[in-house]
Amino acid sequence: MSRKSSRRTSRRSSASTSAPTEPSPAPRRTRGGTRPRGAESIHELPAGEIPTSTGTAELVPDPDGSTGVTLMVNGVPSSHLDLADPGLLTFEYMQQMAAVLGALPAGPLRVVHLGAAGCTLARYVEHERPDSRQIAVDLDADLVARVREWFALPRAPRLRLRAGDARAELATLPDASVDVVVRDVFAGDTTPAHVTTVGFVREALRVLRPGGVYLANCADRPPLALVRRELATAVAALGRASGGVGAHAQVGLIAEPGQLKGRRYGNLVLVVVRPVDEQASVGEDRVARDDPADALDDAAPFGLDDPVLARALRSLPVPATLLTGDEVRRFTGTAVPLEDDVPLPVPDGAARPGAPAAASRDVVGPGTT
């Protein structure tokens with residue numbers, strides 16, 4: 001299902017991820033080094049619709065004859081990638097997420113992508129932050145296997161691909177083990193309810209290190225009632241973990257100003273920062289301190305009031321603004337948090353929330369072991 005607006009906006013029609021916004025111009029950049037295997041040109045990619053676990057996938061070349069390609073899932077855009085330039089992001093909400101990542105302290109990151117699709121953002125992180133360690137989860141097992149064949153994705157352990165439900169897979173990860181959790185999960189044109197609740201946000205906070213960041217792609221239309229509830233949900237999740245102290249200061253909303261004024265349907269980015277003083281010792285013995293992806297451990301903490309982030313958002317091809325603190329409080333108004341009211345999926349072999357997976361469920365294929 002797709003919905004048109006004054007700017008092309010579409011939704012992926014599977015319970016996975018989406019590419020729900022219009023591509024924006026962005027500078028093309030390259031970085032030296034050996035590229036992983038994948039298609040070197042559009043002509044090496046398969047043509048036509050290809051059956052997957054949840055429907056079909058199709059790779060549509062950019063009409064300008066460049067090395068850009070749009071991954072269509074069940075007939076609607078899901079991801080856009082440039083085969084020659086992993087540093088190129090064309091969807092507005094991904095450019096906004098990248099601005100947040102760029103404001104984090106320098107060094108490799110540990111990132112979990114819930115809703116992988118073509119792994120566009122994972123490629124970008126590898127390009128900008130070499131030696132990062134990432135996990136990408138998508139419900140469509142066939143698609144997960146195929147994108148490894150089609151695109152020059154980082155090899156394991158730099159990027160591990162998993163097929164499964166986003167929340168169920170998140171529950172298998174250890175406490176305080178990652179720097180960033182990205183939620184880009186959709187079923188049709190909506191985000192599945194079980195990954196929007198207070199319980200889910202608290203699960204993401206559990207997995208994040210103190211100072212880590214949760215990013216969520218929220219699609220909504222005027223009067224933005226759903227986004228307001230997602231903000232209320234994030235504040236409630238933080239409040240229950242910290243007694244409510246400073247919860248609004250840890251939650252932000254990124255959007256194009258016209259969206260905040262209720263002018264169009266589109267995508268907004270929810271940002272939640274796990275407080276640095278909350279259970280700071282959790283997971284301290286998780287990995288060796290000399291791991292290259294632990295460079296952020298001793299860095300100054302990230303805050304939503306960072307002027308670098310505000311400047312980066314204003315400088316995007318489509319300038320965006322960030323609401324924080326009292327602005328979030330006013331925008332949220334009387335919106336009610338979203339709560340869990342249905343049984344949640346649990347993957348085979350999963351242990352208690354916070355415990356490592358009993359066995360790896362990474363997709364078997366080139367570069368995954």
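These figures come from a predicted structure and were not determined experimentally.
Judged by a 6.0 Å distance limit and a 45° cone about the ring axis, Arg274 is not positioned over the six-membered ring of Tyr214.
Taken to the nearest 0.5 Å, the CD atom of Gln96 stands 12.0 Å off from the CG atom of Leu101. The line from CD of Glu230 to OG1 of Thr197 is 9.5 Å long, rounded to the nearest 0.5 Å.
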| task | Start with the C-alpha gap between Ile254 and Val100, add the side-chain angles, then the distance that decides, and say whether side-chain contact (heavy atoms from CB on, under 4.5 Å) holds. | result | CA-CA 10 Å; Ile254 301 173; Val100 177; 3.6 Å; yes
| message | As a quick check of understanding, evaluate side-chain contact (heavy atoms from CB on, under 4.5 Å) for Ile50 and Trp150, giving each step before the final call. | response | CA-CA 12 Å; Ile50 300 166; Trp150 294 338; 3.5 Å; yes
| said: Using salt bridge (charged side-chain N to carboxylate O under 4.0 Å, His left out), reason through Asp340 and Arg167 one step at a time and then give a plain yes or no. | reply: CA-CA 12 Å; Asp340 289 315; Arg167 183 162 178 175; 2.9 Å; yes
| task | Start with the C-alpha gap between Arg183 and Glu169, add the side-chain angles, then the distance that decides, and say whether salt bridge (charged side-chain N to carboxylate O under 4.0 Å, His left out) holds. | result | CA-CA 12 Å; Arg183 190 203 75 192; Glu169 293 298 328; over 6 Å; no
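Shown here for Ala234 and Val272, the closest heavy-atom pair between the two residues is CB-CG2, 3.7 Å. When all heavy atoms of Pro257 and Ala320 are compared, the closest pair comes out as CD-CA, 4.4 Å. Closest approach of Ser78 to Ala117, counting heavy atoms only: OG-CB, 3.3 Å. The nearest pair of heavy atoms linking Leu153 to Cys119 is CD2-CB, 3.7 Å.
Taking a cutoff of 4.0 Å between a charged side-chain nitrogen and a carboxylate oxygen, Arg158 and Asp131 do not qualify as a salt bridge. A salt bridge is defined here as a Lys NZ or Arg NE, NH1 or NH2 lying under 4.0 Å from an Asp or Glu carboxylate O, and Glu256 with Arg264 meets this definition. The residues Arg206 and Glu203 are annotated as salt-bridged, a charged nitrogen and a carboxylate oxygen being separated by less than 4.0 angstrom.
Grouping the Ile, Leu, Val, Met, Phe, Trp and Tyr side chains by contacts below 4.5 angstrom, directly or via other members, places Val180 with Val273. No single ILVMFWY cluster, assembled from side-chain heavy atoms under 4.5 Å apart, contains both Leu226 and Tyr265. Hydrophobic clustering of Ile, Leu, Val, Met, Phe, Trp and Tyr side chains at less than 4.5 Å, counting indirect connections, unites Leu59 with Leu143. If you chain together hydrophobic residues whose side chains sit under 4.5 Å apart, Leu238 and Val336 never meet in one group.
In the model, His80 has a side-chain atom that pairs as donor or acceptor with a side-chain atom of Asp62 under 3.5 Å. Side-chain contact check for His127 and Asp85: no donor-acceptor pair (N or O, by modelled atom type) lies under 3.5 Å.
The residue from Asp140, Asn74, Asp142 that alone fulfils the side chain to side chain donor-acceptor pair (under 3.5 Å) condition with Thr52 is Asp140. Leu114 pairs in a side-chain contact (heavy atoms from CB on, under 4.5 Å) with only one of the listed residues (Val195, Val182, Val181, Asp184), which is Val181.
In this structure the side chain of Ile135 reaches within 4.5 angstrom of the side chain of Val137, judged on heavy atoms.
Thr332 places no side-chain N or O within 3.5 Å of a backbone atom of Leu231 that could act as its donor or acceptor partner.
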